[in-house]
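As structure tokens, the structure follows; a few thoughts come after it.
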Amino acid sequence: MVKKNKIINKIAIVMGSKSDWPTMKYCADTLKKLKVQFDAKIVSAHRTPDRMYDFAKNAEKNYCVIIAGAGGSAHLPGMIASMTNLPVIGVPIESKKLKGLDSLLSIVQMPKGIPVGTVAIGEDGAINAAILSASIVAISDNKVRSNLALWKKRQTSSVKKKPN
């Protein structure tokens, strides 16, 4: 996103409630490791619809990517995606009743024209959402590109060649 000839490289992490934070914290922790700027906010599609609307309509002024975590009916990522031109990455939060399958299906099964990039359920998805959003930022930010390359190199070198 460009703001008066200045590229914005900040990511928004939003979630439907405080109970989503234990999952979305993995996203924040990964972005910290990659030295990517972000804000984390609670924005509920159902309980704070005016806040969600205001956030989505104004997100392009402050962010370049939105990561939205949601559980259950998981409408937050899709609703935000319907109101912004920014890329939205949905993180399905594991639910008690259906282990997050309800969240996953709700986020991934968007109508044509309202894309939401969707990652795995839970912790793995939150970490992958952070890496994917950092990859988007890295298109225009050499520092983040270097941090991401170093992170991936460390991950590769941490894999043992033998099981013992």
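Numbering of residues begins at 1 and proceeds along the displayed sequence.
S44 and T48 get closest at one heavy-atom pair: N-OG1, 2.8 Å. Pairing each heavy atom of G78 with each of I114, the nearest pair is O-CG2, 3.7 Å. Contact detail for S133 and I67: the closest heavy-atom pair is OG-CD1, 3.4 Å. The shortest heavy-atom contact between K18 and I42 is N-CD1, 3.7 Å. A pairwise comparison of heavy atoms in S140 and I7 identifies OG-CG2, 3.5 Å as the closest pair. Shown here for I8 and C64, the closest heavy-atom pair between the two residues is O-CB, 3.2 Å.
At a threshold of 4.5 Å between side-chain heavy atoms, the hydrophobic network of Ile, Leu, Val, Met, Phe, Trp and Tyr places V88 and Y53 in one connected group. Neither I66 nor I89 shares a network with the other; the hydrophobic side chains, linked directly or stepwise wherever heavy atoms of I, L, V, M, F, W or Y lie under 4.5 Å apart, form separate groups for each. M83 is connected to V43 through a chain of hydrophobic side-chain contacts under 4.5 Å among Ile, Leu, Val, Met, Phe, Trp and Tyr, so both are in one cluster. Criterion: ILVMFWY side-chain heavy atoms under 4.5 Å apart, direct or through other members. Under it, V116 and V65 are not part of a common hydrophobic cluster. Follow the hydrophobic side-chain contacts under 4.5 Å out from L86 and you never reach V144; the two are in separate clusters.
Between the side chain of S157 and the main chain of K153, a donor-acceptor pair closer than 3.5 Å is present. At distances below 3.5 Å, at least one donor-acceptor pair connects side-chain atoms of D20 with backbone N or O atoms of G16. With hydrogens and angles disregarded, no donor-acceptor distance shorter than 3.5 Å links the side chain of T23 to the backbone of E123. With hydrogens and angles ignored, the 3.5 Å screen pairs no side-chain donor or acceptor of S106 with any backbone N or O of D102. The main-chain N or O of I93 is found under 3.5 Å from a side-chain atom of S103 such that the two form a donor-acceptor pair.
Note that OG of S73 and CD1 of I107 are 9.5 Å apart. Values are rounded to the nearest 0.5 Å. The structure places CG of L132 at 10.0 Å from CG of L148, a figure rounded to the nearest 0.5 Å. Rounded to the nearest 0.5 Å, atoms CG (L104) and CD1 (I121) are 4.5 Å apart. Taking CG of N128 as the start and OG1 of T30 as the end, the distance is 8.5 Å to the nearest 0.5 Å. To the nearest 0.5 Å, the span separating NZ on K143 from NZ on K35 amounts to 7.5 Å. Rounded to the nearest 0.5 angstrom, K152 NZ and S135 OG are separated by 5.0 Å.
Contact check for E60 versus N85: side-chain heavy atoms found under the 4.5 Å cut-off. Looking only at side-chain heavy atoms (C-beta outward), N9 and Q37 stay at 4.5 Å or farther from each other. Side-chain contact between K32 and D29: present, with at least one pair of heavy atoms (C-beta onward) separated by less than 4.5 Å.
Between F55 and Y63, the ring planes are tilted. Angles from 30° to 60° get that label.
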Checking I11 against V36 for the side chain to side chain contact (heavy atoms under 4.5 Å, CB included) test, could you report, in this order, the C-alpha distance in whole Å, the side-chain angles of both residues, the deciding distance, and whether it holds? CA-CA 8 Å; I11 295 169; V36 177; 3.5 Å; yes
Going through the distances and angles, do N62 and K10 end up as a side chain to side chain contact (heavy atoms under 4.5 Å, CB included)? CA-CA 7 Å; N62 301 302; K10 195 172 196 181; 5.7 Å; no
Assess whether side chain to side chain contact (heavy atoms under 4.5 Å, CB included) is satisfied between V91 and M24, documenting all intermediate values. CA-CA 8 Å; V91 178; M24 298 308 288; 4.0 Å; yes
Walk me through whether I13 and L31 qualify under side chain to side chain contact (heavy atoms under 4.5 Å, CB included). CA-CA 10 Å; I13 300 172; L31 290 174; 3.8 Å; yes
Start with the C-alpha gap between D54 and N58, add the side-chain angles, then the distance that decides, and say whether side chain to side chain donor-acceptor pair (under 3.5 Å) holds. CA-CA 6 Å; D54 184 57; N58 293 295; 2.9 Å; yes
